Amino acid sequence: MVDVILRSRALMWLIFLVYFALFLAVDALSKVAGDVILVTGTLALAVVFVALRPKTGKWSFSTHCQQCDASLQGTAGLPRATCAQCGHRQSWARAKD
């Protein structure tokens, strides 16, 4: 259930906006309390990302091609969806529109 909820972009943006509004409101009252909320939110985000990120299946990323096992080139820290060696499009990649 949590995994499905975290994949909803609208809900994730709503959570971020509420968190950011809370941070701004508290930071206006007290800089120290604002810093505590900022650090706490960053740590919570890191824990959620590490604990709930998919490791296998449709939503996981691999750095090796599923067909030829070549290393996939990366862009901005994420592997490319198409293998440069064999041209295979990975199963986790979004369909081209």
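Predicted model, so just to flag it, every value in this text is computed and none were measured. Numbering of residues begins at 1 and proceeds along the displayed sequence.
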* For the pair Gln66 (side chain) and His64 (backbone), establish whether a donor and an acceptor sit closer than 3.5 Å, ignoring hydrogens and angles. => no
* Heavy-atom donor-acceptor pair, Tyr19 side chain to Ile37 backbone, under 3.5 Å -> yes
* Nearest heavy-atom neighbours spanning Thr42 and Leu38 -> OG1-O, 2.9 Å
* To do: Write down the atom of Leu72, the atom of Arg80, and the distance for their closest heavy-atom approach.
  => CD1-O, 3.6 Å
* Asked: Is Val26 reachable from Leu24 through a run of hydrophobic residues whose side-chain heavy atoms are each under 4.5 Å from the next?
  -> yes
* Side chain proximity check, Gln85 to Cys65, heavy atoms < 4.5 angstrom -> no
* To do: For the residue pair Cys83 and Gln67, establish whether any side-chain heavy-atom pair is separated by less than 4.5 Å.
  => no
* Structure fact -> Interatomic distance, NE2@His88 vs OG1@Thr82, rounded to 0.5 Å, equals 9.0 Å
* Asked: With the threshold set at 4.0 Å, does a side-chain nitrogen-carboxylate oxygen contact exist between Lys31 and Asp35?
  -> no
* Give me the ring orientation class for Phe20 and Phe16: parallel if the planes are under 30° apart, tilted from 30 to 60°, perpendicular past 60°. => parallel
